[in-house]
Participant: 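Questions regarding the structure given below will be posed in turn.
All values below were derived from every heavy atom in this structure, side-chain atoms included, with hydrogens, water molecules and symmetry-related copies excluded.
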Amino acid sequence: MSERRQSKLAVLNKIESVYGDDALPTPAEALLMTDVSITPIEAEEVSRGLVLPYMGNQGVVLAGEHVSVEGSLEVAGSGVKGTPPKIGSALRVSGFAETVTVGQKVDYTIVEDDQESSSLHFIHDKVRHIGLGGRSNLSINLTPKQVPKFQWSYMGLLGTIADDAAMPAVTQAGWVTPVVVSKANTTMSLHGWSAVAESISINLGNRLTPRFLIGDEKVLISDRSVTGTVVVEARALQEIDWFDRARKRTRGPLSILVGTVEGNIVEITAPAVEIGRPTQGQTDGILNYSLPLSFVPVIGRDEIKITFR
């Protein structure tokens, strides 16, 4: 039996029609990821605690077995307006509903009831790990001169772990090359100010809860709190006064646009973002402010939206 290679990896993810039933994802449902890691078995170790006439380790029983996968997904469209991107399944199990407007756009908006789940097959050089009934958290990271990425954290019930005869025939068909974050490709408006920014990160803050009961086992998104951080160039207070806005808890909109070509434009919007306590720093001798962001719902489930055009 030969050694196995770290770099030979495929991640297949498909939305389930029935919670926890293996959706049997195919290579067409592959997620092209980077920086991928897996925790094959997460569980509580329950001590047996037997009373015996001698000392020694009595072993444990594993309870609440589940699997976790983490990695990055490139932020890019499908290449065709109104066609969902290949990363759509990852967004849908992160608590988003997918709404397709044919020929125009695909919106991902927050949903709390009837959240979707997925089956994930993690095949690492001919060993297949299966997660069932999985849901996830998502964060967004935009840094100039870098590829924009979603950081995806998946948790599912533990399925089987078994040898595979061969690796799945995953291709890059349908995947669009992302554009780097830059002045030409990226614009951001925060509280109406056309931002000059060094970076922005946004975290959905989904709390993933593995719940194991008599008669029911599932992974839930049990809570959500969207937060972020943006590092902006420090400007005169008459241009934008972040200290005043932080002290007054002023709420304002955020809009980010990545891409300029139809079919590969990603828009992130939020109607009511509070600025937290600014901290001052510098990059290349230029002053900047690091601003914590709190995304507040206005009427509920509307604190952030992602649109592919």
Side-chain angles (χ1 to χ4, degrees), residues 31-36 71-88 90-91 94 96 104-108 138-152 172 174-204 226-236 239-240 242 252-271 273 275-276 278-293 295 304-309:
L31 295 175
L32 299 188
M33 303 179 71
T34 59
D35 307 317
V36 189
S72 296
L73 295 158
E74 295 176 337
V75 178
S78 66
V80 180
K81 289 179 65 176
T83 297
K86 297 287 282 184
I87 60 174
L91 298 177
S94 297
F96 283 109
Q104 296 184 39
K105 62 179 181 175
V106 183
D107 289 317
Y108 291 89
L138 194 75
S139 60
I140 305 160
N141 299 290
L142 304 177
T143 303
K145 300 187 291 184
Q146 300 293 325
V147 171
K149 290 185 177 181
F150 292 115
Q151 181 70 25
W152 191 56
Q172 296 187 39
W175 289 85
V176 174
T177 302
V179 298
V180 297
V181 178
S182 67
K183 178 183 177 181
N185 297 326
T186 315
T187 59
M188 182 174 74
S189 173
L190 179 60
H191 282 217
W193 179 60
S194 295
V196 179
E198 296 183 19
S199 66
I200 183 168
S201 61
I202 301 169
N203 190 331
L204 286 183
V226 186
T227 58
T229 301
V230 60
V231 178
V232 297
E233 206 172 77
R235 296 298 178 92
E239 183 174 334
I240 186 76
W242 298 118
L254 168 68
S255 175
I256 303 170
L257 206 63
V258 180
T260 60
V261 178
E262 290 186 351
N264 196 21
I265 297 173
V266 184
E267 183 180 18
I268 302 163
T269 55
V273 177
I275 306 301
T279 56
Q280 184 170 296
Q282 65 83 29
T283 302
D284 301 324
I286 305 300
L287 290 176
N288 59 31
Y289 296 130
S290 179
L291 308 176
L293 307 176
F295 292 66
I304 189 169
K305 179 171 74 171
I306 303 173
T307 301
F308 291 78
R309 301 184 186 278

Participant: Quick one: CD1 on I202 to OG on S139, what's the gap to the nearest 0.5 Å?
Facilitator: 9.5 Å

Participant: Backbone N or O of Y289 within a donor-acceptor pair of the W242 side chain at under 3.5 Å?
Facilitator: no

Participant: Flag the pair L142 / M188 as yes when at least one side-chain heavy-atom distance between them is below 4.5 Å, and no otherwise.
Facilitator: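 No, every pair of side-chain atoms sits at 4.5 Å or beyond.
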
Participant: For A76 versus P85, what's the shortest heavy-atom pair and its separation?
Facilitator: O-CB, 3.8 Å

Participant: Quick one: does Y108's side chain get under 4.5 Å of L138's, heavy atoms only?
Facilitator: no

Participant: What is the minimum heavy-atom distance between A197 and P144, and which atoms define it?
Facilitator: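 For A197 versus P144, the nearest heavy atoms are O-CG, 4.0 Å.
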
Participant: Is any side-chain heavy atom of V232 closer than 4.5 Å to a side-chain heavy atom of W193?
Facilitator: yes

Participant: Can you measure from CG (L257) to CZ (R309) and round to the nearest 0.5 angstrom?
Facilitator: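 Going from CG on L257 over to CZ on R309, the span is 8.0 Å.
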
Participant: Could you tell me whether a side-chain N or O of N264 sits under 3.5 Å from a main-chain N or O of G79, the two making a donor and an acceptor?
Facilitator: no

Participant: Look up atom NZ in K305 and atom OG in S255, then write down how far apart they are to the nearest 0.5 Å.
Facilitator: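 The OG atom of S255 is 10.5 Å from NZ of K305, to the nearest 0.5 Å.
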
Participant: Is there a side-chain contact between L190 and I200 (heavy atoms, below 4.5 Å)?
Facilitator: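 A side-chain contact is absent here, since even the closest heavy-atom pair is not under 4.5 Å.
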
Participant: Nearest 0.5 Å, what's the CG-CG distance between L293 and N203?
Facilitator: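 If we round to the nearest 0.5 Å, L293:CG and N203:CG are 12.0 Å apart.
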
Participant: To the closest 0.5 Å, what do you measure between CG (D107) and NZ (K105)?
Facilitator: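 Going from CG on D107 over to NZ on K105, the span is 4.0 Å.
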
Participant: When you compare the side chain of I275 with that of H191, does any pair of heavy atoms fall below 4.5 Å?
Facilitator: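 In contact.
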
Participant: For E262, give me all partners under side-chain hydrogen bond (donor to acceptor under 3.5 Å, both in side chains), at least two apart in sequence or on another chain.
Facilitator: none

Participant: Carefully, step by step, assess L32 and K86 under the rule side chain to side chain contact (heavy atoms under 4.5 Å, CB included).
Facilitator: CA-CA 9 Å; L32 299 188; K86 297 287 282 184; over 6 Å; no

Participant: Between I140 and I306, is any pair of side-chain heavy atoms under 4.5 Å apart?
Facilitator: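 Yes. Closest side-chain heavy atoms under 4.5 Å.
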
Participant: For P148 and V258, which heavy atoms make the closest approach, and how far apart are they?
Facilitator: CG-CG1, 4.1 Å

Participant: Within the structure provided, determine whether L73 and M33 are in side-chain contact (heavy-atom separation under 4.5 Å).
Facilitator: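 Yes, side chains in contact.
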
Participant: With sequence neighbours left out, which residue pairs that include part of residues 71-84 fulfil the side-chain hydrogen bond (donor to acceptor under 3.5 Å, both in side chains) condition?
Facilitator: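 Residue pairs with at least one partner in residues 71-84: S72-Q151.
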
Participant: May I have the list of side-chain donor-acceptor pairs in residues 175-187 shorter than 3.5 Å, sequence neighbours left out?
Facilitator:
residue: S182; atom: OG; partner: A184; partner atom: N; Å: 3.4
residue: S182; atom: OG; partner: N185; partner atom: N; Å: 3.2
residue: S182; atom: OG; partner: N185; partner atom: ND2; Å: 3.3
residue: N185; atom: ND2; partner: V180; partner atom: O; Å: 3.0
residue: T186; atom: OG1; partner: S182; partner atom: N; Å: 3.2
residue: T186; atom: OG1; partner: S182; partner atom: O; Å: 3.3

Participant: Do other residues, nucleotides or ligands put more than 12 heavy atoms under 6.0 Å from the CD atom of E239?
Facilitator: yes

Participant: Taking all non-hydrogen atoms of both residues, which atom of I286 and which atom of E233 are closest, and how far apart?
Facilitator: CG2-CG, 3.9 Å

Participant: Heavy atoms only: give me the nearest L31-W152 pair and the separation to one decimal.
Facilitator: CD1-CZ3, 3.7 Å

Participant: Indicate yes or no: at least one non-hydrogen side-chain atom of V230 is less than 4.5 angstrom from one of L254.
Facilitator: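 Side-chain contact under 4.5 Å: no.
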
Participant: Which atoms form the tightest heavy-atom contact between F308 and G77, and what is the distance?
Facilitator: CD2-CA, 3.9 Å

